[in-house]
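Note sheet for the following structure.
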Amino acid sequence: MTSVTASFVLRRATAFLEDALSNLEVRRRALTAARRRLSSPADPSTLHALSLLSETLDPSAAAATSAAYAAAAAAAASPSSLSALLLAISLALRRRHADAARALIDVFVLDPAAARADIAPELFEELFLPHLFPAVRWFAERRSRILSSMEEGRPAAAAMTSLSRMSDGQAADLRELENTYEGVMDENSKVYAGYLKELLRSGDGISPPELVLPTVNGVEEDIDEMKDETIGREEIGSTNEHFNPIWAEADNSIDFSDGQINKGQCSYTRAPSLYPQRVPPQIFRQPSTKSIDNRRNIISEVGQAFSSAENSDESSSDPEPDMEEDKKKPSLKPKIEYQGQKQTSMNSTCSIDLSMIDDDKFLASSNQTPPKDFVCPITSNLFDDPVTLETGQTYERRAIQEWLERGNMTCPITRQKLHSAKLPKTNFVLKRLIASWREENAYSIASPSLRSPSPEITQPNPPKRSPSPTSVITQACVDGTTRDLRLAINTLCTSDVLSEAETAVLQIERLWRETGAEPQLVSALSKPSVINGFVEILFNSIDLQVLRTSVFLLSELASMDKIVIQTLTSVDSDVECMVALFKKGLSEAVVLIYLLHPSWERLLEMDMVEALLMVLKSEEDDSSNSCLKPKTASILLLQQILASDDKISTEVVDAIISEGVFESIIQSLAADMEDVRMAAIRIIVRCMEVDGSCRHLIAGKAKLEIILENFATVGDMERFEIVRFLFELVKLDRRTYNEKLLHSIKDGGKFSTMHALVVYLQTALQDQSPIIAGLLLQLDILVEPRKSSIYREEAIDALISCLRNPDINNSQLLAAEIIVSLQGRFSSSGESVTRESLLKRAGVKKRNRPTMGSDQIDYVHDNSEEKLEDDKVTDDWERKMAYALVSHEFGLLFEALAEGLKSEQREFFSACLVSASWLTYMLSILPDTGLRGAARVCLLKHFVLVFKSAKDADDKALAMLALSSFMNDSEGMHDLTFHIKDIIKTLRELKKSYVLANEMLKHLCRGQESCMLEMWNHQVLAQVDCSMHGEVLSIAYFKNRIISGHSDGTVKVWGSGEKLLHQIQETREHTKAVTSLAVLQSGKKLFSGSVDKSVRVWSLHDGRINCMEFHDTKDQVHSLNISNNMACFIPQGAGVKVLTWNGASRLLNPNKSVKCLSLVQGKLYCGCSDNSIQEIDLATGTLGTIQIGSKKLLAKANPINALQVQDGLLYSASSPLDGAAVKIWNASNYSPMGSLPSILEVRCMTISSELIYLGSKSGVVEVWSKDKLSRIGTLQIGSNCRVQCMTVINDELLVVGTSDGKLQAWGLT
């Protein structure tokens, strides 16, 4: 028996606990049963478990959880079944499923009898009973031996109904057997429960324990043979009762009286079945209101009706309703269709003459069976001329005469030697007795031995030494086989003994194989009465061989005769029984289920997906000669399910991939049956749509040759499915792999794939043409990328035709998307990343929103050399494909894409924009053959319109990339000048996100000063007067709020955006001037420094700031700079003070009078009063000099008023005494990089990504180009004020604070 897995045990235990938590009846039954087993109500382990459960249900007790667990563990020294069950429920509520499962299995260790009978019978049947089933069978056989020794004449069925109807010895034996049975089940349950716990703790890989059975005469019973008969993890018996094989038949047995038999009522006395019982119907659906179960078919030939043991009382009371019901039912007339006939084996010495079987009276021999003394042992027929030999044995004269003529001189039965070959006279006494018996029993069928041989079995050229077909013995063989078949079918349909019916099934299967399924045999077996007999076997038998044989015969019959399908599908429970058998391990049943043609809704309703996947994952037995293999039927059914709605099929695909059955489906691409190959293709295509990462596995294992050869023989719909499969397959994220696949497609098969595709393209439907054309075009590029061909012309013409056809929207969009995908770049999931690759070429800096596939653009692989090689192949493919598309009829595709850019359908417009941008960009890489002019005429105005008015920034970026290609020639640049203002305006919006925008701005403004001035024009957007709070000394931008610090200690919060400089809050935590505001690099905290010798830390909630921390600095704070673990500021005296957040402080550079600071990446830059600049490494304390200050005593002071570090450059600002107010240094090697020749005395400075703003003491702010170091403009802030502080917000907004208490906001126009 196959051992269970830890995951299986965990799933079953979790399912039971979840059912107990959600179902009151289940929970009440389990807890009540466990409570009855308590030795005392105050059991300590139970109290601890109840405490833990109480704390689990009470959220306020979460803090005491660990203590509760410790208490429960301490109580585990003397646990009970109730405490273990309560602990399992508590752990399940806490979602600790593994611990809960172990606690639940502990119940079977502590009290196995109660656990399997009352507490958790469902779990016992699922986990324990498959292992213990050999013991069940062993005791069932022992019980049968006891019952078989009953007194003669006492009915066995009646004897099993109660102990009172048995002999005293039998009752005692059965009681002793039951006690032994209970003990064996208890001990084996405990041992197996321990194994399951260890399995959950250690995982798979440990072997299950051996089953221990009682010994007989000191020798343990051999259970290997019984183990082979088990099927898997079957359910045995009722799910709500304690299963005991000793008394299991008591409830199902029934007395058979003459009255009942005469009424045509009989029922099997069945052993408990491993599979769902056909009756009662509540197992599958609600009970019927009819008095007689209408699932049974009346056997009209003998007038007998099968009814269940449970319904026998009802059915015997009033048979008329059934008769009326039958009159309403249409008669089932046999209409046989044969898929093919098998020839009878030539090695067989006899063949069944099925014409001798009267189909209408096939079952009419049940009451005419002759006594065995009236039947010849050779011919198996009634005597016609009986002769009695000297040995006392009687034979048919013709039969024994032929026996002797063959040279035999012995009696056929006794093997005694005969003294004479001369036969005696006829036994007239026996002959008269036989004649009398015939008259009394109306036995009208003539003895087959006296018939003339049928011409159908006469062989024209009999083999040598073969007996003559007219031989009595040969005829007896034929008649005997026919009689065997008749009796087997009669036994199957009428016998009330299960073992007899099972034997009949095996005998019918043997005869079926010997005769090769002749039409007469199929007709006889296809009758509803016989089919129902097979179904009864499926409901009641527990013998695996019998079940498989019944399913095999039903499958063969269903494949040959539609009447069989109608009979099987007329009763829902019959189909559900087959599904139950299949789900419990009988894989052959899936063939029969497929032949019944259930709908996909029915398949989902019956929850067959998991069982289908198990069949596909298992190794198939090739010895089966059924009409279909189980794997074949599973694939066909799975394809039917996947054809349902997308949500369901997505879940199924996830299961297919996670269960690891995908390789089995791929192997089915090489199946012999065309339907199976097509079903596998449909499944794989759906899998690629849901999870494209499976493409690599398909590409590595699929055999495309058979599919390509199949292309020429299938219909148009199947052809398209093959093309779609191939087109989806060549979307790997490695171009080298894609090209290998394309070569395999082009060169595979026995005919030209490209020729077949072009012929199919000419007749394909409009919505199929784009995919066919896309695949054909890719194959053509492999041949001659620079030369035109009929294949290329047809493919591109088809794509253009679809783009221009607005009547079929699907084909329009599909054609545009296929052109996009032809670039040849795909993500690991098979999605085209053409759009993302173009945005990357536009120099995207950051994304405002996630874009599908953008995480796959880099194509990260383990081997960088492979990546570089693949990138090279991809670029080469892109150039070849772009050239083929744009050169077709001198840019005809541009016209079709231009029409698409006018579309109001967003998806179609977007696909056309990506295609047009890609091809236009490629024109700047490909040699100019005049196609740039064609593209400019068709597309430039559309790109400008998109660039100006598109709402999506990525759409603008794509149009910008296309427009950049027109800037490389004079005519294109000339056309762009007509839209220069709109282009520059949009470029300024995009320059923060795309590098290409900056480059285009520089290119367009090169040599055009007026353009530069217009581009950087500023205007006042807002202004407020805060003079009542003194000067504005500091400004910061913190979490979308503008913060200002004033000379009276006030800190104000202002709005940004639409409510620019709208006051939100005013606070005065500082007592003196707020000289500095600094934001931590993470942006989470705001720091303020003041003359009141303190630093405060602020947070922002709901638009308002709150003081979180206060730090006493013992000194005035100027020019505050912040890092994660320290603050640097200029004190009232010389040097720089460094304050750590734990309160420690130190003084650096004590010999310099420092005027300004800048802290960047652990380096502190100091601008001093003597015009010197120092760099201090805070980690090592190393001091470096960037600029040496003035040493002249009489020289005019020229202090450094402002420092800024950005992009590796250090900017210092002072007065213009030496001709340059601002100097620029390389921050790494201190080398000078340039200067700004401003004549202002700069007091403050701020820098954006493009501009440098210099604030002076005269109330003027100069704007300088960061790139060209040239002045762009001047902003007049005020007349009688100094510019005290400035900050730039998002490179677009400049906020200025002045000495007269005003705040101004300037924006770029």
Side-chain angles (χ1 to χ4, degrees), residues 1018-1079 1086-1108 1110 1113 1116-1120 1129-1130 1132 1201-1202 1241 1243-1246 1253 1255-1261 1275-1289 1293-1307:
H1018 291 72
Q1019 68 177 11
V1020 178
L1021 301 180
Q1023 176 175 315
V1024 291
D1025 187 357
C1026 308
S1027 57
M1028 62 181 299
H1029 298 291
E1031 300 180 4
V1032 181
L1033 299 179
S1034 55
I1035 300 175
Y1037 183 68
F1038 179 54
K1039 292 185 178 180
N1040 296 323
R1041 294 290 185 264
I1042 299 172
I1043 315 295
S1044 61
H1046 300 263
S1047 58
D1048 66 345
T1050 302
V1051 176
K1052 291 192 174 187
V1053 182
W1054 310 88
S1056 61
E1058 295 181 358
K1059 296 183 178 181
L1060 184 60
L1061 293 186
H1062 172 76
Q1063 183 173 325
I1064 298 174
Q1065 180 188 4
E1066 175 182 322
T1067 181
R1068 193 171 179 180
E1069 298 284 343
H1070 289 286
T1071 58
K1072 294 183 180 180
V1074 180
T1075 59
S1076 307
L1077 290 172
V1079 179
L1086 172 70
F1087 295 80
S1088 61
S1090 173
V1091 180
D1092 64 1
K1093 302 181 181 181
S1094 70
V1095 171
R1096 293 181 181 269
V1097 184
W1098 308 80
S1099 64
L1100 183 68
H1101 296 287
D1102 298 327
R1104 303 177 66 86
I1105 59 173
N1106 302 288
C1107 183
M1108 300 166 53
F1110 170 82
T1113 61
Q1116 295 182 3
V1117 178
H1118 299 273
S1119 190
L1120 177 66
F1129 60 90
I1130 301 173
Q1132 186 174 6
N1201 296 319
E1241 183 176 346
R1243 304 303 297 267
C1244 60
M1245 173 175 55
T1246 188
Y1253 297 93
S1256 68
K1257 68 177 184 179
S1258 59
V1260 174
V1261 173
L1275 309 179
Q1276 186 63 50
I1277 306 300
S1279 56
N1280 298 316
C1281 63
R1282 299 184 305 276
V1283 178
Q1284 299 277 62
C1285 52
M1286 296 186 299
T1287 190
V1288 176
I1289 302 173
L1293 187 66
L1294 173 68
V1295 182
V1296 182
T1298 61
S1299 59
D1300 59 356
K1302 292 181 179 180
L1303 273 175
Q1304 292 184 7
W1306 294 72

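Computed from a predicted structure; not experimentally measured. Each residue takes its place number in the sequence, starting with 1.
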Practice prompt. Using a 4.5 Å cut-off on heavy atoms from C-beta on, say whether the side chain of L1275 contacts that of V1296.
Written response: no

Worksheet item: Rounded to the nearest 0.5 Å, how far apart are OG of S1299 and CZ of R1282?
Response: 4.5 Å

Discussion item. Checking S1258 now: which residues fulfil side chain to side chain donor-acceptor pair (under 3.5 Å) with it, not counting sequence neighbours?
Written reply: S1256

Worksheet item: Once you round to the nearest 0.5 Å, how far does CD1 of I1043 lie from CH2 of W1054?
Response: 10.5 Å

Worksheet item: Hey, which of H1070, K1072, H1029 is the one that makes side-chain hydrogen bond (donor to acceptor under 3.5 Å, both in side chains) with D1048?
Response: H1029

Below 3.5 Å, can you tabulate the donor-acceptor pairs from side chains in residues 1032-1040 to any protein atom, sequence neighbours excluded?
unit_1: S1034; atom_1: OG; unit_2: V1074; atom_2: O; d: 3.4
unit_1: Y1037; atom_1: OH; unit_2: N1040; atom_2: OD1; d: 3.1

Fill in: Distance in Å, R1041 CZ paired with I1064 CD1, rounded so as to fall on 0.5 Å steps
4.0 Å

Practice prompt. Please identify each residue that fulfils side chain to side chain contact (heavy atoms under 4.5 Å, CB included) with R1104, with sequence neighbours left out.
Written response: Q1065

Worksheet item: Taking atom CG of L1294 and atom OG1 of T1246, what is their separation to the nearest 0.5 Å?
Response: 7.0 Å

Worksheet, complete the sentence: Between L1293 and A1305, the two heavy atoms sitting closest are CD1-CB, 4.0 Å

Fill in: salt bridge (Lys or Arg N to Asp or Glu O under 4.0 Å) partners of residues 1050-1060, not counting sequence neighbours, each pair once
K1052-E1066

Worksheet item: Excluding sequence neighbours, so at least two apart, what forms side chain to side chain contact (heavy atoms under 4.5 Å, CB included) with K1302?
Response: Q1023, D1025, T1298, D1300

Worksheet item: Is there side-chain contact between Q1063 and V1024, with heavy atoms separated by less than 4.5 Å?
Response: no

Practice prompt. Indicate yes or no: at least one non-hydrogen side-chain atom of S1044 is less than 4.5 angstrom from one of L1303.
Written response: yes

Worksheet item: For Y1253, what residues pass the ring-ring contact (aromatic ring centres under 6.0 Å, His included) criterion, not counting sequence neighbours?
Response: H1018

Worksheet item: Can you list every pair that meets salt bridge (Lys or Arg N to Asp or Glu O under 4.0 Å) and has a residue in residues 1086-1098, with sequence neighbours left out?
Response: E1069-R1096

Item to complete: Could you tell me the separation between the CZ atom of F1087 and the CG atom of L1077, rounded to the nearest 0.5 Å?
Response: 12.0 Å

Worksheet item: Ignoring hydrogens and geometry, is there a side-chain-to-backbone donor-acceptor pair from S1119 to F1129 under 3.5 Å?
Response: no

Item to complete: Name all residues meeting the side chain to side chain contact (heavy atoms under 4.5 Å, CB included) criterion together with S1099; count only those two or more places apart in sequence or in a different chain, and write none if there are none.
Response: H1101, N1106, M1108

Worksheet item: Residues two or more places apart in sequence or in another chain: which of them pass side chain to side chain donor-acceptor pair (under 3.5 Å) with T1287?
Response: none

Discussion item. Nearest 0.5 Å, please: how far is CG in L1060 from CD1 in I1289?
Written reply: 7.5 Å

Discussion item. Suppose we screen for salt bridge (Lys or Arg N to Asp or Glu O under 4.0 Å). Which residues come up paired with R1243, at least two apart in sequence or across chains?
Written reply: none

Response to the item:
Across all chains, not counting sequence neighbours, the side chain to side chain contact (heavy atoms under 4.5 Å, CB included) partners of Q1132 are D1115, Q1116

Worksheet entry | Donor-acceptor pair, side chain of Q1304 and main chain of I1277, under 3.5 angstrom | yes

